[in-house]
A.B. asks: 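Below are the structure tokens for one structure; questions will follow.
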Amino acid sequence: MPVSDPLIISEPQQLTADLVHLSTIIDSTIPGWTRQALTEADVVGRHWVRARMAEAGLETRIDGAGNVIGVLRGTAPGASSIMTGSHTDTVEGGGRYDGNVGVAAALEVVRTLRANGIELRHDLIVVDFFSEEPNRFGISCVGSRAMTGQISTEDMDRVDSEGVRFGDELSRVGVVPEALLSARFDTNRVKAFVELHIEQGPHLEEQGSDIGLVTSITGIKRFRVAFQGQPDHAGTTPMNRRRDAGCAAAGSVLAIERIASANVDGRGTTGLITFSPDAVNIVTESSELWGEFRSPDLDWLHAAGNKFHAAVHSEGASRSVDVELEWLPSEQPAVMDNRFIDISSREADRLGLTQSRLYSGAEHDAAILAKKIPTAMIFVPSKDGRSHCPDEFTAEKDIHSGANVLLNTIITLDRELDFD
Ligand SMILES: [Zn+2]
């Protein structure tokens, strides 16, 4: 097989222009660049992406799960495919890069292939996945879960804090729950998924690397703990007679930090805590805490869970506070395909780019797809490691480098992967 020079994206300025245009389709009442799923801005944004896909020469459709899909036919249409893409929804008050980079780069990959007259053997499927960021119903990666059959009827019945059903909210933005549940792809026909994304952390910048090759995506273990004590007068109740649910919760918050800090890849976060009654002069009767552990190491996640179980019960027992620990739906760590990592590594070398291997501490559509399809992820640096905030920034040259690695990884995968 002849090995030619790596291909370079034809019009990087178009990629940049697409990112700039996406940054104008936002909810301007919120600081930053907000285009949350289930909002008007997201509907407009995804239709714009579809139009750009059509202009790039793709056959486009929006599937039952709201995923915007464009297909560049291979030389044997209908045979197996290679998939790439990311998401254009954002968190509230988010930045301009996040998943947008992977979608805009995928479009540029298609334009470059066509401009250079390169035909792939496989179909190339470009996807802007619906609702990747966690929404107010506590579910993330909605489109990729639907595509791979990892979402259920029960998920449609989830309610937000106002009692609104997820299924009803989906219908409001034109996604029919029944259609979403049957939007499954034949994943056996998809031979590879490759996602380009910003790192969202500080490692590439610290190591001076142009490109990150993701080895695995973190697992997440989420929990809710309810503490039940007794309300008493804050002035007259001696300290040794209290059943203070607030103190048991506070001790548990520190236990989360202690457990996670003991391992270099461990992460532990308390995201939400409530005290009741919420009054300065009453000993807290009940408290609720929501949090999570993350790690790419499943054994560590199990061990952290066991330690936390022991810690919350000890915090409760020492104060005669009842404890109820509930484990919430969690994600197992997702392992990226070693062969694909090696291919991207080779292509980055050929392009003269420096590279690091690292795991992703953030969740991605790639983590969901990796459960069904051999998957790889390519990262580009995030300035100061900042993300999910208006200051999120990735330099244009880094985005173009990432797009070039994506392009050449796809070309090599097309050559080297089994084809049927
Ligand atoms: Zn993202």
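Indexing begins at 1, ligand by ligand and atom by atom, following the structure's order. Computed from heavy atoms alone, side chains included, the values below leave out hydrogens, waters and symmetry copies.
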A.B. asks: Is there a donor in the side chain of Glu195 and an acceptor in the side chain of Ser86, or the other way round, less than 3.5 Å apart?
C.D. replies: yes
A.B. asks: Kindly confirm whether the Zn ion (ligand 1) is within less than 2.8 Å of some N/O/S atom in Asp98?
C.D. replies: yes
A.B. asks: Give the atom name of whichever N/O/S atom in His87 sits closest to the Zn ion (ligand 1).
C.D. replies: NE2
A.B. asks: Ion pair present between Arg165 and Asp157, side-chain N to carboxylate O less than 4.0 angstrom?
C.D. replies: yes
A.B. asks: Going by atom types alone, do Ser144 and Asp365 pair a side-chain donor with an acceptor below 3.5 Å?
C.D. replies: yes
A.B. asks: For a distance under 2.8 Å, tell me if His364 has an N/O/S atom near the Zn ion (ligand 1).
C.D. replies: no
A.B. asks: Give a yes or no on whether the backbone of Ala362 and the side-chain of Ser360 come within a donor-acceptor separation of less than 3.5 Å.
C.D. replies: yes
